Amino acid sequence: MSHWDDLLGQAFGLLLGRPLAEFDAAGTYAVFHYDDETAGEALEEFDPADLVADVDGRSGDLGGDELYPDRWVPDLAGSAFVATDVRPAALQPLITAGPDDDRAVVWGREIGRALRDGSLGLDELSPDGYRQYPHLLLRPRTDGSLLDAMRAATWTMSAPDGLCDIGDSLVRDGYVEAGVSVVDPRWESTLDQIGDEALRRHLRGLCLDARWARMAGAYYLGPGECPSDLRPIADLPGSRVIAGWEFGEGQGATAVVLLGPPVG
């Protein structure tokens, strides 16, 4: 394990309340992200070939130093599409699981195959010009380990490159005075235990208090806590949420999930 993998593993263990070694090493861990700007993207914008392509390997970083999903290498085949309200008949055979509420999960790979072989038409997935359907829960490429899932979820894929200091940005932009903490008090003492200053400052930006997380960074819900927009993944048989974050005023959310079989 590299020096930075060791640093990250220790920091993630602090955020999760126990060392990574105490989690199931044989499990498959993944990240899913909801963003209200991209969740409703028309499926016309996806190439069916991309929806069926296997994307293997460790998490990648496409560049930048902000907490944006466009830094991830997307895994569209393993991403989830959540069917709500009306469900086209052609979509029914593809549904992985339908919870008791009105949301059912379909993996990108299954939609891509159906689009490619003609058993599903794009017109069946967009009932009108205002509601694109189903909506996307983006999954970035990771290698299946908890360490790599946490790397992607916290945008530390290329650390020490790509780290940011949101608290300092808020001071520079005049939102807060120097020395005033914008971190949720629940996580202050935990974050203080992270020895590397750049990593500590970066992760503080993912643990802001509810007020400041509405405009920058993220609000850390905590270990085992799932954002409501990602509940369809958590409700899959055998799945368990490891950690969750919320962004803005409900505009975005991320969760690290231990996936149960079958894996998407």
Side-chain angles (χ1 to χ4, degrees), residues 1-25 27 29-31 33 58-59 61 64-68 71-72 140 142-172 175-227 240-247 252-258:
M1 181 175 287
S2 72
H3 170 68
W4 265 94
D5 283 352
D6 188 51
L7 280 177
L8 290 169
Q10 292 177 28
F12 298 154
L14 290 169
L15 288 177
L16 296 177
R18 56 192 173 108
L20 299 195
E22 295 185 8
F23 290 83
D24 180 9
Y29 298 85
V31 179
H33 180 78
R58 176 172 157 162
S59 59
D61 194 335
D65 59 0
E66 299 192 25
L67 310 181
Y68 289 155
R71 286 181 59 183
W72 292 327
T142 60
D143 64 11
S145 68
L146 178 55
L147 174 63
D148 202 31
M150 289 293 292
R151 266 195 297 250
T154 58
W155 284 275
T156 53
M157 303 86 70
S158 57
D161 296 331
L163 300 181
C164 63
D165 185 347
I166 288 173
D168 183 61
S169 297
L170 290 171
V171 171
R172 289 199 319 268
Y175 291 107
V176 299
E177 295 182 6
V180 175
S181 177
V182 292
V183 172
D184 187 331
R186 295 179 301 158
W187 308 115
E188 281 279 14
S189 61
T190 297
L191 292 162
D192 285 345
Q193 297 176 59
I194 298 173
D196 184 86
E197 183 177 0
L199 178 59
R200 183 174 64 253
R201 288 176 176 274
H202 177 88
L203 293 177
R204 285 173 67 88
L206 286 154
C207 298
L208 301 184
D209 68 28
R211 174 190 177 190
W212 293 110
R214 292 189 182 100
M215 63 177 297
Y219 178 77
Y220 182 40
L221 298 175
E225 298 296 325
C226 184
R240 180 163 58 89
V241 172
I242 304 301
W245 289 262
E246 291 182 340
F247 301 81
T254 297
V256 174
V257 182
L258 171 63

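In this text the structure is predicted, and so the values were computed from the model without any measurement.
- Here Ser181 pairs with Val183, Glu188, Arg204 under the side-chain contact (heavy atoms from CB on, under 4.5 Å) rule; sequence neighbours left out.
- With 3.5 Å as the limit, one finds a donor-acceptor pair spanning the side chains of Asp61 and Ser158.
- Checked against side-chain hydrogen bond (donor to acceptor under 3.5 Å, both in side chains), Asp168 has the following partners two or more places apart in sequence or in another chain: Arg172.
- Between Ala152 and Pro140, the shortest heavy-atom distance links the atoms CB-CG, 4.2 Å.
- Smallest separation of non-hydrogen atoms from Ala153 and Thr254: CB-CG2, 4.1 Å.
- Using cut-offs of 30° and 60° on the angle between ring planes, the pair Trp72 and Trp155 is parallel.
- Taking the six-membered ring wherever Trp is involved, the centroid distance between the rings of Trp187 and Tyr220 falls below 6.0 Å.
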Could you give me the CA-CA distance, side-chain angles and deciding distance for Met150 and Val256, then say whether side chain to side chain contact (heavy atoms under 4.5 Å, CB included) is met?
CA-CA 7 Å; Met150 289 293 292; Val256 174; 3.8 Å; yes

Show me, pair by pair, the donor-acceptor contacts under 3.5 angstrom made by side chains of residues 194-203, not counting sequence neighbours?
residue, atom, partner, partner atom, Å
Asp196, OD2, Ala198, N, 3.2
Asp196, OD2, Leu199, N, 2.9
Glu197, OE2, Arg201, NE, 3.0
Glu197, OE2, Arg201, NH2, 3.2
Arg200, NH1, Ile194, O, 2.7
Arg201, NH1, Asp165, OD2, 2.9
His202, ND1, Cys164, N, 3.0
His202, NE2, Thr154, O, 2.7

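- Listed by chain and residue number, Ser145 satisfy the side-chain hydrogen bond (donor to acceptor under 3.5 Å, both in side chains) test with Asp143 (two or more places apart in sequence, or in another chain).
- At least one side-chain heavy atom of Phe12 sits less than 4.5 Å from a side-chain heavy atom of Leu147.
- Taking the side chain as every heavy atom from C-beta outward, Val257 and Ile242 never approach each other to under 4.5 Å.
- Under the ring pair (Phe, Tyr, Trp, His ring centres under 6.0 Å) criterion, Tyr29 pairs with no residue at all, not counting sequence neighbours.
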Checking Ile166 against Leu208 for the side chain to side chain contact (heavy atoms under 4.5 Å, CB included) test, could you report, in this order, the C-alpha distance in whole Å, the side-chain angles of both residues, the deciding distance, and whether it holds?
CA-CA 9 Å; Ile166 288 173; Leu208 301 184; 4.1 Å; yes

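- Atom OG of Ser59 is separated from atom CZ of Arg71 by 10.5 Å, given to the nearest 0.5 angstrom.
- Each of Thr156, Asp5, Thr142 was evaluated against Arg151; a single residue qualifies, Asp5, per the side chain to side chain donor-acceptor pair (under 3.5 Å) test.
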Return a table of donor-acceptor pairs under 3.5 angstrom between the side chains of residues 13-22 and protein atoms on other chains or two or more places apart.
residue, atom, partner, partner atom, Å
Arg18, NH1, Glu22, O, 3.0

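- For the pair His33 (side chain) and Ala255 (backbone), a donor-acceptor distance under 3.5 Å is absent.
- No salt bridge links Asp209 with Arg211; every basic N to acidic carboxylate O contact stays at or beyond 4.0 Å.
- Shortest non-hydrogen contact noted between Leu191 and Cys207 is CD1-CB, 3.9 Å.
- Contact detail for Leu67 and Gly217: the closest heavy-atom pair is CD1-CA, 4.0 Å.
- Contact of the Glu246 side chain with the Leu221 side chain is registered, since non-hydrogen atoms from C-beta on lie closer than 4.5 Å.
- Counting only heavy atoms from C-beta outward, the side chains of Leu170 and Met215 approach each other to under 4.5 Å.
- Trp212 has its side chain out of reach of Tyr219: every pair of non-hydrogen atoms, C-beta onward, lies at least 4.5 Å apart.
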